[in-house]
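Worksheet: one structure, shown below.
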Amino acid sequence: MLIIMIGCSIHKGGSVLLREYEFTLVAKADLPDTEKQKVFTGYEEILKRGGGELIQRNDWGSKRLAYPIRKHFRGHYMFYDAASTPENIAECERLLRIDDNVLRFMVVKIDNEVDIATRKVELAKAAAAALRQPEEK
């Protein structure tokens, strides 16, 4: 039996190699909430393809932009910490470039290999420490 996989990174154990990325996008703030959620959900689905997983999802809400982008002064920020394949990231970037509802985006590769369970525990501990910190002052 011959299996050919084009454009997919295979790890030693035969599973797809997922890399960790921070994925931030800024959508138009004046979109209706249903339309904004449709935009965010569409990119989340692409990130989850082929075994990918969202480690963390933070909705930073609508904020004033430092400078106008395409005559918009506010943007709705969404931040993801995701484990995904490079092919999924490339597809997201391609679609983000042509999406009129997205003002800006940024993708940063954090690590070449990620243990999703360990990473979720680390992020939960960091969030708990951040919540305790104001109480200690």
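In this chain, numbering begins with 1 at the start of the sequence shown.
Listed by first and then second residue, the ring pair (Phe, Tyr, Trp, His ring centres under 6.0 Å) pairs that reach into residues 81-111 come to none, sequence neighbours excluded. Within the structure, salt bridge (charged side-chain N to carboxylate O under 4.0 Å, His left out) pairs that include any residue of residues 46-60 comprise E44-R57, E53-K120 (at least two apart or interchain). For the salt bridge (charged side-chain N to carboxylate O under 4.0 Å, His left out) condition, the pairs that include at least one residue of residues 62-84, sequence neighbours left out, are D81-R119. Annotation: ring pair (Phe, Tyr, Trp, His ring centres under 6.0 Å) contacts involving residues 45-73, sequence neighbours excluded, comprise W60-F79.
Here R104 pairs with nothing under the salt bridge (charged side-chain N to carboxylate O under 4.0 Å, His left out) rule; sequence neighbours left out. Under the side chain to side chain donor-acceptor pair (under 3.5 Å) criterion, E91 pairs with R94, sequence neighbours left out. Shown here are the ring-ring contact (aromatic ring centres under 6.0 Å, His included) partners of F40, two or more places apart in sequence or in another chain: H76. Every residue meeting the side chain to side chain contact (heavy atoms under 4.5 Å, CB included) condition with D111, not counting sequence neighbours, appears here in chain and number order: E20. Scored by the side chain to side chain donor-acceptor pair (under 3.5 Å) test, Y43 finds D99 as partners (sequence neighbours excluded). Remark: A83 engages L18, I55, V114, I116 in a side chain to side chain contact (heavy atoms under 4.5 Å, CB included) (not counting sequence neighbours).
The other residues sharing a hydrophobic cluster with I110 are M106, V108, where clustering joins ILVMFWY side chains under 4.5 Å apart.
The two atoms that bring I46 and C92 nearest to each other are CG2-SG, 3.4 Å, heavy atoms only. Heavy-atom minimum distance, A82 versus L54: CB-CD2, 3.9 Å. Nearest heavy-atom pair, I89 versus V107, reported as atom, atom and distance to 0.1 Å: CG2-CG1, 3.7 Å.
Residues L131 and V121 are members of separate hydrophobic clusters, defined by side-chain heavy-atom contacts under 4.5 angstrom among Ile, Leu, Val, Met, Phe, Trp and Tyr.
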I'd like a table of donor-acceptor pairs (distance under 3.5 Å, sequence neighbours excluded) in which one partner is a side-chain atom from residues 22-38, with atom names and distances.
| residue | atom | partner | partner atom | Å |
| --- | --- | --- | --- | --- |
| K28 | NZ | D100 | O | 3.2 |
| K36 | NZ | A29 | O | 3.3 |

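Of the candidates N112, N88, T85, N112 is the only one forming a side-chain contact (heavy atoms from CB on, under 4.5 Å) with R19.
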